[in-house]
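Working notes for the structure below.
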Amino acid sequence: MKVTVVGAGAVGASCAEYIAMKDFASEVVILDIKEGFAEGKAMDLMQTASLNGFDTTIVGTTGDYSKTVGSDVAVITSGIPRKPGMTREELIGINAGIVKMVSENLIAQSPEIIIIVVSNPMDTMTYLTHKSTGLPKNRIIGMGGALDSARFKYRLAEALEAPISDVDGMVIGGHSDKGMVPLTRMATRNSVRVSEFLSEEHLGQVAADTKVGGATLTGLLGTSAWYAPGAAVSELVKAIALDSKKIFPCSALLEGEYGLNDLCIGVPVVLGKNGIEKIVEIELDGAEKAKLIESAEGVKKTNSLLN
Ligand SMILES: NC(=O)c1ccc[n+]([C@@H]2O[C@H](COP(=O)([O-])OP(=O)(O)OC[C@H]3O[C@@H](n4cnc5c(N)ncnc54)[C@H](O)[C@@H]3O)[C@@H](O)[C@H]2O)c1
Ligand SMILES: O=C(O)C[C@H](O)C(=O)O
């Protein structure tokens, strides 16, 4: 499997590192516009290969898309991150132009490519990629829910004082501070609903902390996070590479599912060699449905800013 990562910044480099460490890809190409930056990141990462025990070849390039030819999967991380106090939605002005141009360049070299969109505001950037490229809907995937769910599990484990490996849970909805929908009712600790252990108030706090997970880290770091985003992307790429049919919440183009149309938003999907192999419609209760609809309204409002 050949993977291209566009953007050699914090998230792009982290994606490339985790993909290489998991050792399922033959080649990772990192592309950036900053002269020499991707080449430097690729060389530095290649010098970890004998230490970390992987055989993936990592190549860097400054803007030469011919190096990406024949990629099976591309990850778009190019664009600006937010600073403390900003929302993801404020990034649309600069990032929309970048994501549109990058996706066109990728497809010109690799017509069969599967694209994973990471740049923010991610749901709107995923929608833009659908609208501007016309690729089949299974081949454009937005990464947000996998990260938000990892943060949800972190917060649940903290509240439960339990190991994270004992905890399961999922976040659907838009990848935004307000739009995320952590499914607290369905979250479990080793198959037992977490509501058996945590009060409604405590679970409400877990959900609130999960929703501002990205903003909290941006406040601490001065720029947005990269380790968990990179790890989340690597899991999606791995599921495609290994055709594993695992379920992740991803931003997918909806055409009636969940009663929603003409937007990309986080819902559970089955990932395999064809990208999104199935959108899974789970039974939501009234409150969860209402939150998802409100989240979709927020995403559509941001989509309306695309020109
Ligand atoms: N979806 C998610 O869950 C998630 C998680 C973390 C970050 N993000 C988003 O990912 C994006 C990248 O974040 P980061 O922290 O890596 O930023 P960063 O500034 O560290 O890196 C961005 C890189 O993109 C490059 N770039 C800009 N224009 C380009 C172009 N036209 N072609 C190729 N490269 C280009 C820049 O030179 C830079 O190296 C941001 O928009 C951020 O909000 C999304
Ligand atoms: O918070 C951000 O702006 C980056 C990313 O979407 C995240 O959730 O870490």
Side-chain angles (χ1 to χ4, degrees), residues 4-18 29-42 60-65 67-68 74-106 116-126 128-129 141-152 154 171 173-180 209-236 248-251 264-266:
T4 289
V5 178
V6 183
V11 178
S14 172
C15 288
E17 181 177 12
Y18 285 119
V29 177
I30 315 177
L31 182 148
D32 202 288
I33 46 166
K34 217 189 287 177
E35 191 66 44
F37 195 49
E39 288 87 336
K41 292 275 178 116
T61 171
T62 306
D64 179 3
Y65 278 87
K67 295 260 170 60
T68 73
V75 182
I76 302 181
T77 75
S78 44
I80 54 164
R82 63 173 157 168
K83 297 251 178 292
M86 288 173 75
T87 65
R88 297 177 180 87
E89 288 74 11
E90 287 175 67
L91 306 173
I92 189 172
I94 293 180
N95 287 354
I98 294 175
V99 169
K100 186 168 183 293
M101 186 192 68
V102 165
S103 54
E104 282 161 6
N105 287 339
L106 287 167
I116 299 178
V117 180
V118 179
S119 309
N120 274 316
M122 182 278 296
D123 297 290
T124 296
M125 294 302 102
T126 307
L128 169 68
T129 307
I141 306 164
M143 195 295 289
L147 168 65
D148 302 331
S149 300
R151 289 181 176 150
F152 185 34
Y154 162 78
V171 177
H175 179 62
S176 66
D177 298 343
K178 289 190 182 145
M180 284 176 214
D209 291 343
T210 300
K211 289 171 72 169
V212 295
T216 302
L217 284 162
T218 304
L220 292 167
L221 296 166
T223 183
S224 56
W226 55 90
Y227 294 119
V233 169
S234 73
E235 282 297 288
L236 303 193
F248 294 91
C250 291
S251 191
C264 294
I265 194 164

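Both counts, for ligands and for their atoms, begin at 1 and track the order of listing.
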Under 4.0 Å between heavy atoms, the region of Ile33 that gets near ligand 1 turns out to be both
Say whether [X], considering both its backbone and side-chain N or O atoms, lies within less than 3.5 Å of an N or O atom on ligand 1.
X	result
Lys34	no
Leu91	no
Ala10	yes
Val102	no

Notebook entry, point to check: Considering only heavy atoms, does Leu147 approach ligand 2 within less than 4.0 Å through its side chain, its backbone, both, or neither?
Noted result: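 Near ligand 2, Leu147 shows its side chain, while the N, CA, C and O stay back.
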At under 4.0 Å between heavy atoms, what of Met122 touches ligand 2? The answer is neither
*The single option from Val118, Leu147, Thr77 passing side chain to side chain contact (heavy atoms under 4.5 Å, CB included) against Val233*: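 Testing each of Val118, Leu147, Thr77 against Val233, the sole residue satisfying side chain to side chain contact (heavy atoms under 4.5 Å, CB included) is Val118.
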>> To check your reading of the model: name the closest protein heavy atom to atom 6 (O) of ligand 2, its residue, and the distance in Å.
In response: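 Scanning the protein heavy atoms, the shortest distance from atom 6 (O) of ligand 2 goes to His175 NE2, 2.6 Å.
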Which residue and atom name correspond to the protein heavy atom nearest atom 37 (O) of ligand 1, and how close is it?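 That would be Asp32 OD1, 2.6 Å.
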Quiz item: Does Leu217 have a non-hydrogen atom less than 4.0 Å from ligand 2?
Solution: no
* Would Arg151 count as a contact of ligand 2 if the rule is a heavy atom under 4.0 Å away? ->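 Heavy atoms of Arg151 do come under 4.0 Å of ligand 2.
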Fill in: ligand 2 N/O within reach of Arg82 N/O, cut-off under 3.5 Å
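Yes, there is a polar N/O contact under 3.5 Å.
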- prompt: Are Met122 and Ser251 close enough, and set up right, to give a side-chain contact (heavy atoms from CB on, under 4.5 Å), and what steps lead you there?
  reply: CA-CA 8 Å; Met122 182 278 296; Ser251 191; 3.7 Å; yes
Which option wins on minimum heavy-atom distance to atom 26 (N) of ligand 1: Ala225, Cys15, Ser78, Gly12?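 Closest candidate by heavy-atom distance is Ser78.
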